[in-house]
Amino acid sequence: MKKFSTIAEFTSWRKQISGTVGFVPTMGALHAGHKELLRQMRKDCDQLVLSVFVNPTQFCAAEDFLKYPKTLENDLAIAQIEKVDCVFLPSNEEIYPTSYSTYVEELNLSQPLCGTFRPGHFKGVTTIVLKLFNIIKPTKALFGLKDAQQFFVIQKMVKDLNLDIQVDAIPTVREPDGLALSSRNIYLSNLERERAPFLYKILKEQERTLLNGERITETLRHGIQKLTDASFQVQYFELLKLPLLEKLESLTLPTDQPSMLATAVFLGKTRLIDNVLMG
Ligand code: AMP
């Protein structure tokens, strides 16, 4: 397995390889969700590239950039087991040298949901993903629906900017009790970890209610109430149309329109997001 921390080293390797290149971008602290991405991509490409880079531009002021978990040795061991061909581990300076001043921003899908509560987050995401696409030059890139808004924003960027890269997503990988795997779950105290699976349970309950024909506004209101009663501080609990993340105009769930029920909450100091895709 190759390991490169400079763009020049990566580029010289990239020029020598042939066949399809599958790319899985991550911020490290790898868990079973990342492993599943690597496994799926491994089956689908000749060369598998993993990037580990905690991207500072997607963190807002007062977020956890400096204390974001770092488990590099374990990440490399996982990469080896999952038969990664090359790990790209650039430094901040390599990606954003002093005087760096160019950003790419998607303007519509980036606005609702996490866009409202994490100003500048998706601008940081689209900028780093485009930069990594330009460096890695992958045939395909794979993302997780755990971060569904991120996936739809990236998919839109790829379409709008005519990038010749196939982007796909895998379903959210969960703990047996339903909690979506996340590098941030290690921040949860024992008590919070016990409560955390309620997030997905409530999402699924409200999904059933919508499928049973209850009004959207009532279902969302009840969802927020249930989450609040279970000690979550709710940032949003919303139903939006896919893939453009627009508001649904109908009173009840339409049968012919894919949609996403998505939520972000704080449990203590830890921010959790989750979603269910419908139709
Ligand atoms: P991160 O390292 O958190 O930036 O995530 C890197 C990639 O892993 C993104 O495409 C995420 O959506 C994906 N990912 C993170 N957690 C999960 C999960 N529980 N299931 C599936 N994909 C995930």
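Whatever order the structure lists them in is the order used to number ligands and atoms, beginning at 1. For clarity, every value in this text was computed on a predicted model and none was experimentally measured.
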All side-chain hydrogen bond (donor to acceptor under 3.5 Å, both in side chains) counterparts of Gln235, not counting sequence neighbours: Arg271
When you measure from atom 12 (O) of ligand 1 to every protein heavy atom, which one gives the shortest distance, and what is it? Asp147 OD2, 2.6 Å
Only heavy atoms of Phe143, strictly under 4.0 Å: list the atoms of ligand 1 that pass. 10 (O)
Record the part of Arg174 in heavy-atom contact with ligand 1 below 4.0 Å; permitted values are side chain, backbone, both and neither. neither
Which ligand 1 atoms does Leu37 reach within 4.0 Å, using its non-hydrogen atoms? 7 (C), 8 (O), 13 (C)
Counting heavy atoms only, which part of Pro25 comes closer than 4.0 Å to ligand 1: side chain, backbone, both or neither? backbone
Would you mind reporting whether Ser182 and Lys146 have side-chain heavy atoms less than 4.5 Å apart? yes
Output field: ring centroids Phe10/Phe88 closer than 6.0 Å: yes
Do ligand 1 and Leu181 have nitrogen or oxygen atoms that lie under 3.5 Å from each other? yes
Are any of the N or O atoms of His34 closer than 3.5 Å to those of ligand 1? yes
Glu36 touching ligand 1 at heavy-atom level, < 4.0 angstrom: no
For ligand 1, which is the ligand I care about here, please tell me if Leu145 has any N or O atom under 3.5 Å from one of the ligand's N or O atoms. no
Partners of Glu82 by salt bridge (Lys or Arg N to Asp or Glu O under 4.0 Å), sequence neighbours excluded? Arg39
For Lys146, which part has a heavy atom under 4.0 Å from ligand 1: side chain, backbone, both, or neither? side chain
Greater than 12 external heavy atoms within 6.0 Å of Phe151's CZ: yes
Which option wins on minimum heavy-atom distance to atom 9 (C) of ligand 1: His31, Gln150, Arg184? Gln150
For Val173 and ligand 1, does the shortest N/O to N/O distance drop below 3.5 Å? yes
Looking at ligand 1, would Ala169 count as a contact under a 4.0 Å heavy-atom criterion? no
Kindly say whether Pro112 contributes a backbone atom to a donor-acceptor pair with the side chain of Gln149 at under 3.5 angstrom? yes
Using the rule given for side-chain contact (heavy atoms from CB on, under 4.5 Å), can you reason through Ser231 versus Arg195, listing the C-alpha separation, both sets of side-chain angles and the distance that settles it, and then say yes or no? CA-CA 8 Å; Ser231 316; Arg195 288 191 180 151; 3.4 Å; yes
Within 4.0 Å of some non-hydrogen atom of Pro171, the atoms of ligand 1 are 21 (C)
Under a 4.0 Å threshold between the charged nitrogen and the carboxylate oxygen, would Lys204 count as salt-bridged to Glu207? yes
So for ligand 1, is Gly144 a polar contact partner (N or O within less than 3.5 Å, distance only)? yes
Is the shortest distance from a Lys or Arg side-chain nitrogen in Arg193 or Asp177 to a carboxylate oxygen in the other one below 4.0 Å? yes
Quick test of your reading of the model: are Lys2 and Glu9 salt-bridged, counting only N-O distances below 4.0 Å? no
Quick one: does ligand 1 sit under 4.0 Å from the side chain of Ala32, the backbone, both or neither, non-hydrogen atoms only? neither
Quick test: of every protein heavy atom, which one is nearest to atom 4 (O) of ligand 1, and how far off is it to 0.1 Å? Met27 CG, 3.5 Å
Using a strict 4.0 Å threshold on nitrogen-to-oxygen distance, state whether Arg174 and Asp274 make a salt bridge. yes
